[in-house]
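Data first, discussion second: the structure below is written as structure tokens.
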Amino acid sequence: MARMRRGVGLVTVAILGLAGCGSDPEPERTPATASAPMAVRQFAPGAAGVGDAYYPNYGNGGYDVGRYTVKVRYDPATDRLTGTTTVQATATTDLSAFHLDLAGLTVRKVTVDGAPARHAREADELIVTPAAGLTSGNGFTAEISYEGKPESLRNEVLGESGWLHTTDGAIALGQPESASTWFPVNDHPSDKATYDVEITVPKGLTAVSNGVPKGRSDRGGWTTWKWSEAAPMASYLSTVVIGEYQVETGEHKGRPVFSAVSTKLGMGAADASMARTTEVADYLESVFGPYPFAAYGGVVVADDRIRYALETQSRPVYGSGFFRGGENTGVVAHELAHQWFGNSVSVARWQDIWLNEGLATYAEWLWAEHRGNGTAQSAFDQRYAGSSSRIWQTPPGEPGRENLFSESVYQRGGMTVHALRVAVGDPAFFTILKTWAAEKRNGNATTAEFVALAERVSGKQLDKLFDAWLHGTDRPPAPGRR
């Protein structure tokens, strides 16, 4: 998606050495030493994009966000949103200005460290110029007040995402971007942060977000729902779901459980599937290691535009179509596997999305085997034998932006995981998965790092295996059976 940018001027600041104050007379100085050299610090605007090979204009450069505090008020009757977002960040270079991603909303006021800051808009970019330069290594706090009618985003490959107005509320959801439609954000998974979210809606509606529920309060016909995600989260994993929902709460292993199913669906397969969330999570914990977040749950929406499920952190969102044929814990296993692979361990660049989808697909096969519905080997055999030529022509390790969520990334990605399992044996394979989840927890990772870890744990040279399964354009020979 092409985005227009405007250049922001360079600011140069000279920092002068100060003479000490004392009772002794100042010694004479020769002309050569009469003036102490100036330490010159140059402040420049941060980049309007992180330079991702697939989405170079996504995200922004020059700072690292630590926490977002997002407070929004939304009225479905008018489809109007007002909000204030506080961004706590650290400058990673000397900044004269910085960018935030924000689509379709009007900014009313910006402050940086409490002082008014200038701001400008160009397409989906908010350009903030603080009153003084921001020094590399130092923290700063930006507060942005905004309002307007939220709009969805159109992706040439994936269709509509972001803020979607519904008959009873709204849904904010999408990959690879969605957050910028309801709050200003550094919208790339390489800059993860913690979140506090407050959503105020007309009384009687439910407002769900990520993390631990922090209570709700009523005032003047409105209800404010509070949520907190204390583990670092990629921005596309943030969500808001507003509307009429049947809510189920509880506790599991000392963590809160919060699930919600649209009242349009009634009681049935969706509710039954959500009720098994912790059971599925416990099984995955046995093969991947400790569950990485402080809450469990899920949300099932009834909207024909949502024909997918997304692993929104700690509380996946599912389109209702997954449950039209009855209970479906396979999709629950897929989205919960992402809590380890995709959410806790996030991609550093979109090219490596197979690390998320291949491992989550394999989790479906493991869960089916656990339930007695075939084996992971039989699942591999079925996909391998029935695969189309397109899967092998599209390498999942470098699928291209147009194939980012293709069958190759999911199914060939899953087959790659199984080929690794056969090559190294079960003890090493499951150690690789647990070690990957533990060592990269709350961080970002690349395919090269996964390969290096697999070789370290297994003691085997695996370059040829990964080259064939992730980067080749011919179907590799099927590995030996487990």
Side-chain angles (χ1 to χ4, degrees), residues 157-159 175 269 273 280 283-284 287 307-311 318-319 321-338 341-342 351-426 429-430 432-433 447 450 454 462 464-482:
V157 175
L158 301 173
Q175 187 181 20
S273 301
V280 177
Y283 167 70
L284 296 178
V287 291
R307 300 181 180 180
Y308 56 89
L310 185 62
E311 62 271 19
Y318 305 87
F322 287 100
F323 309 104
R324 287 177 186 153
E327 184 178 303
N328 183 350
T329 55
V331 68
V332 175
H334 185 106
E335 302 310 326
L336 288 182
H338 277 311
F341 308 123
Q351 176 181 330
D352 293 322
I353 192 66
W354 86 272
L355 284 170
N356 297 2
E357 301 303 344
L359 286 163
T361 296
Y362 200 71
E364 292 184 60
W365 304 356
L366 291 174
W367 171 248
E369 181 174 306
H370 174 70
R371 297 183 66 200
N373 296 332
T375 64
Q377 180 67 57
S378 64
F380 171 90
D381 291 341
Q382 180 182 2
R383 271 76 173 177
Y384 185 84
S387 59
S388 67
S389 61
R390 183 172 176 80
I391 283 183
W392 306 108
Q393 294 166 1
T394 304
E398 41 189 322
R401 187 168 69 174
E402 67 280 3
N403 294 310
L404 197 63
F405 301 102
S406 65
E407 188 179 7
S408 174
V409 169
Y410 287 72
Q411 299 302 325
R412 186 172 164 184
M415 286 188 275
T416 301
V417 176
H418 188 74
L420 171 64
R421 182 180 180 181
V422 172
V424 303
D426 279 10
F429 173 74
F430 287 106
I432 288 167
L433 297 187
T447 296
F450 183 79
L462 299 170
K464 289 184 178 179
L465 182 149
F466 283 109
D467 284 346
W469 286 92
L470 291 181
H471 304 292
T473 54
D474 295 317
R475 182 162 72 169
R481 298 176 65 85
R482 287 181 52 241

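Predicted model, so just to flag it, every value in this text is computed and none were measured.
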Are Tyr318 and Val332 close enough, and set up right, to give a side-chain contact (heavy atoms from CB on, under 4.5 Å), and what steps lead you there? CA-CA 9 Å; Tyr318 305 87; Val332 175; 3.9 Å; yes

Minimum heavy-atom distance [X]-[Y], with the two atoms named:
X      : Y      : value
Ser406 : Thr394 : OG-CG2, 4.1 Å
Glu327 : Ala269 : N-CB, 3.5 Å
Trp354 : Val417 : CZ3-CG2, 4.1 Å
Ser408 : Pro396 : OG-CD, 3.5 Å
Ser388 : Glu407 : OG-OE1, 4.4 Å
Leu433 : Val287 : CB-O, 4.2 Å

Measure the [atom1]-[atom2] distance between [X] and [Y] for me, rounded to the nearest 0.5 Å.
X      : Y      : atom1 : atom2 : answer
Thr416 : Gln411 : OG1   : CD    : 11.0 Å
His334 : Thr361 : NE2   : OG1   : 5.0 Å
Thr447 : Asp352 : OG1   : CG    : 3.5 Å

Could you pull out every donor-acceptor pair under 3.5 Å between side chains of residues 465-478 and any protein atom, sequence neighbours left out?
residue	atom	partner	partner atom	Å
His471	ND1	Glu398	OE2	3.0
Arg475	NH1	Tyr384	O	2.8

Do [X] and [Y] have side-chain N/O donor and acceptor atoms under 3.5 Å apart?
X      : Y      : value
Arg421 : Tyr362 : yes
Thr329 : Trp367 : yes
Asp381 : Gln377 : yes
Asn328 : Ser273 : no

So do the side chains of His418 and Arg383 get within less than 4.5 Å of each other, counting heavy atoms only?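 Result no, sub-4.5 Å side-chain heavy-atom pair not found.
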
Using side-chain heavy atoms (C-beta onward) and a distance below 4.5 Å, is Phe323 in contact with Val331?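 Yes; the side chains approach each other to less than 4.5 Å.
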
Within the side chain of Ser378, is there an N or O that forms a donor-acceptor pair under 3.5 Å with the backbone of Gly374?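 Answer holds: no.
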
Does Glu335 reach the main-chain N or O of Glu311 with its side chain, forming a donor-acceptor pair under 3.5 Å?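 A pair under 3.5 Å: yes.
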
Please evaluate residues Val409 and Leu404 with respect to the criterion side-chain contact (heavy atoms from CB on, under 4.5 Å), reporting the C-alpha separation (whole Å), side-chain torsions for both, the decisive distance (0.1 Å), and the verdict. CA-CA 7 Å; Val409 169; Leu404 197 63; over 6 Å; no

Worked check of side-chain contact (heavy atoms from CB on, under 4.5 Å) between Phe405 and Tyr410: CA-CA 7 Å; Phe405 301 102; Tyr410 287 72; 3.9 Å; yes

Arg390 atom CZ, over 12 foreign heavy atoms within 6.0 Å: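 Incorrect, the count does not exceed 12.
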
Show your reasoning for whether side-chain contact (heavy atoms from CB on, under 4.5 Å) applies to Ile432 and Phe450. CA-CA 9 Å; Ile432 288 167; Phe450 183 79; 4.2 Å; yes

